[in-house]
Protein chains: 2
Amino acid sequence: MKIDPNHLMILAAIADSGGLSEGARVVGKSQPSLSRTIAMLEARLGSRLFEKGKKPLRPTELCRSLADQGRVIAQAGLAAQQAAELYNSGKAGTARLAGTPIFMDGVISSMIASFQTAHPEVSVHQTYGYLSELTEQLNVGNVDIAICPVRPDRVPEGLSFKPILQGRNVIACAPSHPLARKPALTLADIAPYSWIAPPAGSPLYEDLRNALSSIGITDFRVSFTGGSLASIISVMSGSEALTVLPYSVVFMQQHTRSVTSLPIRIDHPDRELGLLWREDRQARPAVKRFRRYIEDEFSDLALQISEKGRNAVWRA
Amino acid sequence: MKIDPNHLMILAAIADSGGLSEGARVVGKSQPSLSRTIAMLEARLGSRLFEKGKKPLRPTELCRSLADQGRVIAQAGLAAQQAAELYNSGKAGTARLAGTPIFMDGVISSMIASFQTAHPEVSVHQTYGYLSELTEQLNVGNVDIAICPVRPDRVPEGLSFKPILQGRNVIACAPSHPLARKPALTLADIAPYSWIAPPAGSPLYEDLRNALSSIGITDFRVSFTGGSLASIISVMSGSEALTVLPYSVVFMQQHTRSVTSLPIRIDHPDRELGLLWREDRQARPAVKRFRRYIEDEFSDLALQISEKGRNAVWRA
DNA sequence: CAATCTTCATAACATCAGGTTATATTCTTT
DNA sequence: AAAGAATATAACCTGATGTTATGAAGATTG
């Protein structure tokens, strides 16, 4: 004999509130409604749920057992409701993002950290890739948001793009590097040092070549290549090698005092860092919230960077 | 936004069975029914529960959260159903019985013990009293069944009475008593010993007087009075005192080797041990089952007693 | 103990959630 | 491209469950 969970909840409400009239108020229905519900339940069960002919309705043992379950059900219903509200407000769920390794490690990861302290119920899945793979993953649906430097006129078909930071690279080195304290730099100064190159296929590698050629360096020695940001920084601090990094990455690492930039202006890449997603797939609330968060963080970051830039001196 | 627990159960069924059609089979409804239920839920929640346009229906994270609660609800529903079935079959609940102390302690308590091993979910409440109090308690509704010696023509108004054992008393003493081994007894033999009397108001006390006078003893010394069965037996084993006890009590105590009966036939009381209850209050299943059990146990007991009686020799 | 107050039960009716069958659509597979 | 399987939609019907109005029965109290 199947029992309707709604009836069990009503039963619990009556038992807990001590009467039909009061119970009716609790569940927001009329007293006769509950009266009939109880009558039907009793008929179905073949046993009384309240003692016969007692006016302050006195629950039977059976009633108490069933009311226990009713309470469980009411509880579960509430939990479901809250889960739905959390989900819909983007405070629970999953956001899957992918991006170029250097940016992810150097900039995004700390933003994820602060996001997660604010919204611990949101789980963030992070993967790495360059533009073509990111596009693929977005299209397949494995990823909700990609973060990647893109030439605004070359946004892949079907994807929306929102720039979040102007592309700007700098020559980076360890803070302990001989050039780091030198007030004025010439090309001759940097010529002797070898270079750390990002992984061969990465856009940053192209940036490195272009940047150096833009300041007249065409022939350079690569002492280390292929690592992630952590490796690059690690190698850099233990050597006098130089590298090219997005300024935002250097900026975000400043608190670690593990990397600094040299005051030599090099060519901007023709790409902008931005978010990619498929407009046609409507984003889950958690994804929307995460995207908003990242955008806000980046606009903060841009502000900080431009302020610091006003106090710095750059040379061609 | 309130969510119907039925919907959550359906959701769980679909998520667990992996599809609408299969889920429909599980919950015993048609596929379009579930389809619409899901559609309404999604509309209500404002979020998809299954990924759009995927044919082996793939549950969303939200769906999974809600399905979790749905499973909880289904579980609670089942538990309620089982609770009801247990209750209705008398395998769960409460039976409140009351009775005269000597019988309760000497006979009923061990029956309760075996009943409880068979039906551990039934809780038994036991209280003590003599006929007038028992009647009162039955009428007030504090007690479901009373066990008491009653004169069949003096069953209290409004109560049903079912005899379960013929009243028969014996003279009891410790097994170590000098008279216990004596093959032939005369009144002169028992004259010297003092007596243990049941509590003054109890029916047994009257029995004692009547029984002794029936065998010609009118003047007897009472060395101990007022105790419960445990006290009586305890006092008896440490002394040479005699007492009058229902034979059923002596019979049930035989395994403890703490009491035995003397082969002297004394008058039967004009009462029969039986069950009392109010026919107009319809008994809860657990009470019915308990009553049946007690009745069966007593018919067994009567059988055993009559068998043993055939082998014993009694004298006037 | 009659009067009164509360609380529950019943009656009569209205509505819509949710069941059904039939059929169209859409995704997947071959 | 066609076949197959699963889901969505349409159209309809029923009964569970809501309502108000009112009667009946315990409980309470001067």
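Order of the sequence lines fixes the chain letters, A, B, ..., with proteins taken first and strands second; residue numbering starts at 1 for each chain. These numbers come from a predicted model, not from an experiment.
The 12-atom threshold is exceeded at CD of A:Glu85, counting heavy atoms of other residues, nucleotides or ligands nearer than 6.0 Å. No more than 12 heavy-atom neighbours from other residues, nucleotides or ligands sit within 6.0 angstrom of CZ on A:Arg25.
Checked against C:dA12, C:dG18, C:dA9, the side chain of A:Arg36 finds its nearest nucleotide in C:dA12. Distances were taken from every side-chain heavy atom of A:Gln31 (C-beta onward) to each of D:dT19, D:dA8, C:dA9; the shortest belongs to C:dA9. Closest to the side chain of B:Pro32, from the set D:dA21, D:dT7, D:dA10, is D:dA10. With D:dT17, C:dA9, D:dA27 as the choices, the nucleotide that has an atom nearest any side-chain atom of A:Leu20 turns out to be C:dA9.
In this structure, the CG atom of B:Asn6 is 8 Å from the P atom of C:dG19, given to the nearest Å. Note: NZ (A:Lys54) to P (C:dC8) measures 14 Å, nearest angstrom. Across the protein-nucleic acid pair, A:Lys29 atom NZ and D:dA16 atom C1' stand 11 Å apart, rounded to whole Å. Atom CG in B:Leu34 sits roughly 17 Å away from atom P in C:dA17 (whole-Å rounding). The CG atom of B:Asp4 sits 11 Å away from the P atom of C:dA17 (whole-angstrom rounding). At whole-Å resolution of the value, CE in B:Met40 and P in C:dC16 are 12 Å apart. When the C1' atom of D:dA6 is taken as reference, atom CZ of B:Arg58 falls 15 Å away, rounded to whole Å. Atom NZ in B:Lys52 sits roughly 13 Å away from atom P in C:dT28 (whole-Å rounding).
Applying the 4.0 Å criterion to OP1 and OP2 of D:dT7, one finds that B:Ser35 has every side-chain N and O outside that range. Between A:His7 and D:dA16, a side-chain N or O to OP1/OP2 separation shorter than 4.0 Å is absent. Contact check, B:Ser33 against C:dG18: no side-chain N or O comes under 4.0 Å of OP1 or OP2. Remark: B:Ser30 is not in phosphate contact with C:dG19, judged by side-chain N or O atoms under 4.0 Å from OP1 or OP2. In terms of phosphate contacts, B:Ser21 brings a side-chain nitrogen or oxygen within less than 4.0 Å of OP1 or OP2 of D:dT7.
The closest side-chain donor-acceptor pair between B:Arg96 and B:Asn142, if any, does not fall under 3.5 angstrom.
Using a 4.5 Å heavy-atom cutoff, the side chains of B:Lys91 and B:His119 are in contact. The side-chain heavy atoms of A:Arg284 and A:Tyr87, taken from C-beta on, include a pair separated by under 4.5 Å.
Within 3.5 Å, no donor on the side chain of A:Lys55 pairs with an acceptor on the base of D:dA27, nor the reverse.
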